[in-house]
Asks: 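Structure in structure tokens, see below.
Just so it is clear, the structure is predicted and the values come from calculations on it, not from any experiment.
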Amino acid sequence: MPEHQRADARRNYTRILAVAEEEVAAHGADASLEQIARTAGVGSATVRRHFPTRRALLEAVSRKRIEALCVRAHELTGKGDSRNALLEWLDDVVAYSVSARGLAAALAYDGPVHENSCSAALEEAAGPLLRRAVQDDALATGVTVADLITLVVGIALATEHHPDPAAQADRLFRLAVAGLSPQS
């Protein structure tokens with residue numbers, strides 16, 4: 001939020017964001033913008049002034065989680081086995097995406113990548129993890145962080161309404177990592 005905004009605009013932004021976090025946690029990415037406005041005690045135009053698109057709102061709601069995932073990627077870079085480091089980070093992304101309703105939608109690529117600040121931040125942070133795994137022949141060349149984020153988003157969205165979304169998402173992620181071939 002720009003520092004040059006009036007004090008009342010900063011208060012509105014903070015109040016809208018707090019309410020949006022609660023609404024997205026309760027209702028996911030489809031949380032009602034009108035309900036957010038009512039609960040925050042502002043008009044819907046005020047919500048749209050601060051968050052011109054649903055994506056902008058979801059990105060703001062997810063910002064702290066994205067920052068934590070970026071920090072985690074940096075912590076894992078250069079540590080231990082490169083494949084395990086990348087998979088540990090992806091486990092964290094899956095867990096966050098399943099537990100934080102709305103995060104998967106914030107990460108989804110539904111337009112130009114440069115317009116998706118959440119995915120762009122994760123791509124930048126996880127790039128070194130991925131490059132190291134490729135250099136160590138622990139990951140196929142041609143795989144991108146965007147591919148991995150798309151996989152995680154698909155898993156999170158597919159399991160969102162499962163009775164145990166975390167367990168099902170973890171199972172599907174393990175299946176994707178292992179592939180469909182039987183273990184030898």
Asks: Step through the shown structure and confirm whether more than 12 heavy atoms of other residues, nucleotides or ligands are within 6.0 Å of CD on Glu124.
Replies: no
Asks: At their closest point, which heavy atom of Tyr13 faces which heavy atom of Ala60, and how far apart are they?
Replies: OH-CB, 4.1 Å
Asks: On a heavy-atom basis, which atom in Ala169 and which in Val98 lie closest, and how many Å separate them?
Replies: CB-CG2, 3.3 Å
Asks: Would you compute the distance between atom CG of Leu86 and atom OG1 of Thr77 and round it to the nearest 0.5 angstrom?
Replies: 9.5 Å
Asks: Are Asp137 and Arg83 within salt-bridge range, i.e. N to O under 4.0 Å?
Replies: no
Asks: Any chance you could lay out the side chain to side chain contact (heavy atoms under 4.5 Å, CB included) test for Val42 and Val47, step after step, and finish with the verdict?
Replies: CA-CA 7 Å; Val42 299; Val47 171; 3.9 Å; yes
Asks: Would you please name every residue forming a salt bridge (Lys or Arg N to Asp or Glu O under 4.0 Å) with Arg72, sequence neighbours left out?
Replies: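 Residues passing salt bridge (Lys or Arg N to Asp or Glu O under 4.0 Å) with Arg72: Glu75, Glu88, Asp92.
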Asks: Side-chain heavy atoms under 4.5 angstrom apart, residues restricted to Ile, Leu, Val, Met, Phe, Trp, Tyr: same cluster for Leu148 and Val71?
Replies: no
Asks: Please check if any side-chain donor atom of Ser119 sits under 3.5 Å from a side-chain acceptor atom of Glu123, or the reverse.
Replies: no
Asks: How far apart are the closest heavy atoms of Ala125 and Ala73, and which atoms are they?
Replies: O-CB, 3.5 Å
Asks: Which pair of heavy atoms, one from Arg15 and one from Asn12, lies closest together, and at what distance?
Replies: NH2-OD1, 2.6 Å
Asks: Look up atom SG in Cys118 and atom CD in Glu67, then write down how far apart they are to the nearest 0.5 Å.
Replies: 9.5 Å
Asks: Rounded to the nearest 0.5 Å, what separates atom CZ in Arg132 from atom NZ in Lys79?
Replies: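 Separation between the atoms: 10.5 Å.
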Asks: Which atoms form the tightest heavy-atom contact between Ala20 and Val61, and what is the distance?
Replies: CB-CG2, 3.8 Å
Asks: In terms of side-chain heavy atoms, does Asp147 have a donor or acceptor partner in Thr144 at a distance below 3.5 Å?
Replies: yes
Asks: Does Arg101 come within less than 4.0 Å of Glu23, counting only side-chain N to carboxylate O?
Replies: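 Answer for the salt bridge query: no.
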Asks: Hey, what do you get for CH2 (Trp89) to CG (Leu129), rounding to the nearest 0.5 Å?
Replies: 7.5 Å
Asks: Around atom CZ of Arg174, are there more than 12 heavy atoms of other residues, nucleotides or ligands at under 6.0 Å?
Replies: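 Yes, because the 6.0 Å sphere around CZ of Arg174 holds more than 12 heavy atoms from other groups.
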Asks: Output, in order, the C-alpha distance, side-chain angles, deciding distance and verdict of side chain to side chain contact (heavy atoms under 4.5 Å, CB included) for Ile66 and Leu103.
Replies: CA-CA 9 Å; Ile66 295 300; Leu103 181 59; 3.6 Å; yes
Asks: For the atom pair NE2 (His50) and CG (Leu57), what is the distance rounded to the nearest 0.5 Å?
Replies: 11.5 Å
Asks: Less than 4.5 Å apart, side chain to side chain, heavy atoms only: is that true for Leu58 and Phe51?
Replies: no
Asks: Please check if the side chain of Arg65 supplies one atom and the backbone of Ser97 the other of a donor-acceptor pair under 3.5 Å.
Replies: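 Here the side-chain-to-backbone pair does not exist.
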Asks: With rounding to the nearest 0.5 angstrom, report the OG1 to CD distance, Thr53 to Glu59.
Replies: 7.0 Å
Asks: Do the non-hydrogen side-chain atoms of Val134 and Val143 ever get within less than 4.5 Å of each other?
Replies: no
Asks: Tell me the closest heavy-atom pair linking Ile36 and Val19, and the distance in Å.
Replies: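 Heavy atoms of Ile36 and Val19 come nearest at O-CG1, 3.6 Å.
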Asks: Using the rule given for side chain to side chain contact (heavy atoms under 4.5 Å, CB included), can you reason through Leu90 versus Val152, listing the C-alpha separation, both sets of side-chain angles and the distance that settles it, and then say yes or no?
Replies: CA-CA 8 Å; Leu90 285 170; Val152 169; 4.2 Å; yes
Asks: Walk me through whether Val93 and Ile149 qualify under side chain to side chain contact (heavy atoms under 4.5 Å, CB included).
Replies: CA-CA 8 Å; Val93 178; Ile149 291 171; 5.6 Å; no
